Engineer: 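Sharing a structure below in structure tokens format, with a few things to ask.
Since this is a predicted model, take the numbers as computed values, not measurements. We use all heavy atoms of the structure for the numbers below, so side chains are in, but hydrogens, waters and symmetry mates are not.
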Amino acid sequence: MAERNTNEFDQLLQLAKGDDLLKFMRQYAQENSAFRKELTAFLGKKYLRSKATITDYRNKMCAAFEATNDLGDRWHSFEVIDWDAVADNVKNLLDEGNSLLDLGNADAAAIIAVEFFLVLQQEFNTDELYDDSEEHELTEVCEQAQELLNDAFTHPYINKSLRSQLMNNLHEISRSSLPGELNNLYIFDFDDMMLKLSKVTMGDDERLQMLEQQIIQHAGRYDQHVYVQRKIDLLRELHRDNEADAEQQKHINLPEVRAIVVDQCVERGDYDAAVSLVHEGIDIAKQIKHLGTVKRWKEKELAIYERMGDKARQIDLCRTLFVNERASKEYYRKLKALVPHEQWKDYLKLLLDEVKEERKYLMFGQNNVADIYVEEGDNQSLFELLKSHERLDLDILNRYARYTGNEHAQEILAIYTEILKQDAMRNVNVKAYRRIAEAMSCMCQLNYGKQAAHKLALFFRQEYSRRPSMMAEIKNF
């Protein structure tokens with residue numbers, strides 16, 4: 001019975017006209033998306049894979065990068081790549097690649113995407129990126145090429161041999177300076193794309209070998225830890241935890257890797273091991289004079305003591321950080337919360353004695369020691385700090401004078417008056433007049449300040465009556 005049905009079907013196919021079959025296929029494809037997809041892939045594979053087409057697209061990609069801008073003048077020519085125009089050209093080609101992929105021509109789509117990165121490697125020049133918009137455009141293009149490449153590589157009709165060849169081309173790019181330049185400008189993470197593509201093109205051991213090569217390639221660079229962590233993550237994903245642990249120990253001198261091991265120790269409650277690792281990290285950072293890394297390690301050590309609830313160690317470390325960070329208000333507040341209230345005043349006095357040098361830096365309108373006196377409500381110490389400086393700037397006075405208390409108002413006002421008289425004598429411009437008027441407003445906040453500001457204004461009107469801009473600024477005093 002089945003054989004007779006087959007014979008009838010073959011006879012009908014021989015009798016059917018091409019238009020009949022086309023009509024049926026169009027109608028069936030509209031009703032059945034799976035059939036439409038399979039038919040599209042089959043016909044695309046059969047009729048759209050062409051060496052000439054691939055060659056044409058390689059040439060088109062090169063031509064897309066020929067857009068230039070002439071930044072010279074009428075006498076000299078200075079041509080640079082017009083990255084905005086290049087981005088538009090490449091996007092059009094990538095859109096064509098997506099159209100080819102929809103028709104089943106995965107090979108041509110993959111080649112278009114890879115050719116973009118090959119030509120980019122040849123043409124990329126950081127000196128010719130003039131603004132953030134060009135970098136943003138390039139980011140979009142790279143991401144679009146990555147998406148096309150991933151879709152093409154995972155397409156059922158991709159030629160496996162061609163895919164291997166294209167991956168080799170991408171590996172060559174990975175060993176060039178392009179990935180680092182793109183990453184440094186936050187344009188695109190090429191090596192992350194390689195890792196994602198390797199999931200469909202390489203075996204587990206090959207992927208691990210690729211990551212090891214990247215680790216070696218980035219040795220001594222700020223981002224080496226990124227590749228180490230990617231390899232560790234892959235090992236754990238493959239349930240090869242012993243190898244992952246060994247990889248961590250191999251690169252334990254990288255601060256980012258050491259920090260992960262420290263966190264693992266803390267999570268399992270092995271605080272002594274965590275602190276020991278932190279101290280080793282501090283010693284290494286000191287040897288290479290990375291003071292910022294030393295600070296980060298001490299902050300991590302403090303977080304460990306906080307988790308342990310060890311107040312004595314927290315106080316000792318906060319004191320060190322307070323001094324090292326030039327009277328840091330963050331650690332002043334931590335210490336105030338840790339030190340018993342009845343001991344605080346004596347403790348603070350000794351603490352501030354350790355940062356005597358910091359008292360000298362009354363500039364740019366702010367000083368940490370002065371801010372601490374304000375928080376403590378210590379008017380006398382704040383006044384003495386201000387008075388100890390032979391020359392105060394107006395920004396400092398405007399910020400702190402109102403906290404010195406009524407008992408010191410007359411002396412502060414006298415300092416204000418002298419500074420403003422000198423300022424008016426030296427500076428003849430609208431900006432200086434506004435600064436003087438602002439300071440006089442601050443004087444008015446002090447005890448008897450309005451009278452002192454009015455008296456000063458009378459002096460200015462008498463001395464500088466021919467400065468109309470100045471008179472306009474001080475008219476309210």
Side-chain angles (χ1 to χ4, degrees), residues 57-58 60-69 71 78-98 101 109-153 166-201 207 210-211 213-231 233 256:
Y57 273 105
R58 283 180 173 170
K60 284 184 179 182
M61 188 60 71
C62 290
F65 278 77
E66 292 178 359
T68 59
N69 270 334
L71 301 182
F78 181 62
E79 289 193 347
V80 297
I81 292 178
D82 183 349
W83 286 105
D84 287 334
V86 168
D88 290 339
N89 294 339
V90 173
K91 284 179 181 178
N92 290 334
L93 286 174
L94 294 175
D95 287 341
E96 290 188 40
N98 279 306
L101 186 63
I111 288 176
I112 289 171
V114 172
E115 282 300 314
F116 161 68
F117 288 111
L118 287 170
V119 180
L120 181 63
Q121 178 193 2
Q122 297 170 3
E123 302 293 343
F124 188 73
N125 185 345
T126 56
D127 294 336
E128 294 183 2
L129 287 170
Y130 289 99
D131 54 55
D132 293 339
S133 65
E134 291 182 338
E135 295 177 15
H136 179 69
E137 285 284 336
L138 200 50
T139 297
E140 287 187 359
V141 174
C142 289
E143 290 174 351
Q144 186 178 347
Q146 176 184 358
E147 185 178 355
L148 176 60
L149 197 53
N150 182 72
D151 291 343
F153 274 14
L166 295 176
M167 275 299 289
N168 288 335
N169 291 337
L170 293 172
H171 281 302
E172 289 296 324
I173 298 174
S174 181
R175 288 188 281 270
S176 72
S177 61
L178 178 66
E181 291 172 339
L182 294 176
N183 204 32
N184 289 341
L185 292 172
Y186 302 100
I187 293 176
F188 184 67
D189 190 340
F190 185 89
D191 289 327
D192 182 60
M193 179 189 74
M194 290 294 294
L195 182 62
K196 292 173 180 176
L197 292 176
S198 70
K199 292 181 180 180
V200 296
T201 61
R207 294 174 68 197
M210 179 190 74
L211 288 168
Q213 290 174 349
Q214 291 175 345
I215 290 170
I216 295 170
Q217 183 179 346
H218 290 260
R221 290 175 49 177
Y222 73 95
D223 60 348
Q224 185 185 18
H225 69 94
V226 173
Y227 301 91
V228 173
Q229 192 55 47
R230 285 174 181 174
K231 184 175 180 181
D233 290 342
E256 296 83 2

Engineer: Atom CG of L148 and atom CG of N98: how far apart are they, to the nearest 0.5 Å?
Structural biologist: 5.0 Å
Engineer: Apply the test side chain to side chain contact (heavy atoms under 4.5 Å, CB included) to residues E172 and Q121: give CA-CA distance (whole Å), side-chain angles for both, the deciding distance (0.1 Å), then the verdict.
Structural biologist: CA-CA 10 Å; E172 289 296 324; Q121 178 193 2; 5.9 Å; no
Engineer: Just so I know, are the side chains of Q122 and F65 near enough to count as touching, which here means a heavy-atom distance under 4.5 Å?
Structural biologist: no
Engineer: Determine whether F153 and L166 make a side-chain contact, defined as any pair of heavy atoms from C-beta on separated by less than 4.5 Å.
Structural biologist: yes
Engineer: So, taking the atom named CG in L101 and the one named CD in E96, what distance separates them when rounded to the nearest 0.5 Å?
Structural biologist: 13.5 Å
Engineer: Less than 4.5 Å apart, side chain to side chain, heavy atoms only: is that true for N183 and F190?
Structural biologist: no
Engineer: Starting at CD of E66, measure out to CD of E123 and round the result to the nearest 0.5 Å.
Structural biologist: 8.5 Å
Engineer: If you look at every heavy atom in S176 and Q217, which pair is closest and at what distance?
Structural biologist: O-NE2, 3.9 Å
Engineer: Measure the OG-CD distance between S174 and Q213 for me, rounded to the nearest 0.5 Å.
Structural biologist: 8.5 Å
Engineer: Find the distance between CG (L120) and CG (L138) and round it off to the nearest 0.5 Å.
Structural biologist: 6.0 Å
Engineer: How many angstroms lie between atom CD1 of I111 and atom CG of L149, to the nearest 0.5 angstrom?
Structural biologist: 11.0 Å
Engineer: Hey, are the side chains of K231 and V228 touching, using non-hydrogen atoms and a 4.5 Å cut-off?
Structural biologist: no
Engineer: Going by an N to O cut-off under 4.0 Å, is there a salt bridge joining D189 and R230?
Structural biologist: yes
Engineer: Check whether any side-chain heavy atom of Q224 lies under 4.5 Å from a side-chain heavy atom of E256, and answer yes or no.
Structural biologist: no
Engineer: Report yes if the side chains of L195 and Y227 come closer than 4.5 Å at any heavy-atom pair, otherwise no.
Structural biologist: no
Engineer: Using distance only, find each side-chain donor-acceptor pair of residues 87-95 under 3.5 Å and give its atom names and separation, not counting sequence neighbours.
Structural biologist:
residue : atom : partner : partner atom : Å
N89     : ND2  : A64     : O            : 3.3
N89     : ND2  : A85     : O            : 3.3
K91     : NZ   : E137    : OE1          : 3.2
K91     : NZ   : E140    : OE1          : 3.0
N92     : ND2  : D88     : O            : 3.3
D95     : OD1  : Q144    : NE2          : 3.0

Engineer: For residues 141-152, pull every pair meeting salt bridge (Lys or Arg N to Asp or Glu O under 4.0 Å), keeping only residues two or more places apart or in separate chains.
Structural biologist: none
Engineer: Side chains of D233 and Q229: is there a donor and an acceptor less than 3.5 Å apart?
Structural biologist: yes
Engineer: Ignoring hydrogens and geometry, is there a side-chain-to-backbone donor-acceptor pair from Q214 to V226 under 3.5 Å?
Structural biologist: no
Engineer: Do the rings of F117 and F188 sit parallel, tilted or perpendicular, given the 30° and 60° boundaries?
Structural biologist: parallel
Engineer: Please name the pair of heavy atoms, one in A145 and one in A113, separated by the smallest distance, quoted to 0.1 Å.
Structural biologist: O-CB, 3.7 Å
Engineer: Any donor and acceptor pair, going by atom type alone, linking the side chain of N184 with main-chain N or O of G180 inside 3.5 Å?
Structural biologist: yes
Engineer: Check the pair N150 / K196 against side chain to side chain contact (heavy atoms under 4.5 Å, CB included), numbers first and verdict last.
Structural biologist: CA-CA 8 Å; N150 182 72; K196 292 173 180 176; 5.6 Å; no
Engineer: Sort and list the pairs that fulfil salt bridge (Lys or Arg N to Asp or Glu O under 4.0 Å) and have at least one residue in residues 219-228, not counting sequence neighbours.
Structural biologist: R221-D223
Engineer: Evaluate the side-chain proximity of F124 to I187: yes if any heavy-atom separation is below 4.5 Å, no if none is.
Structural biologist: yes
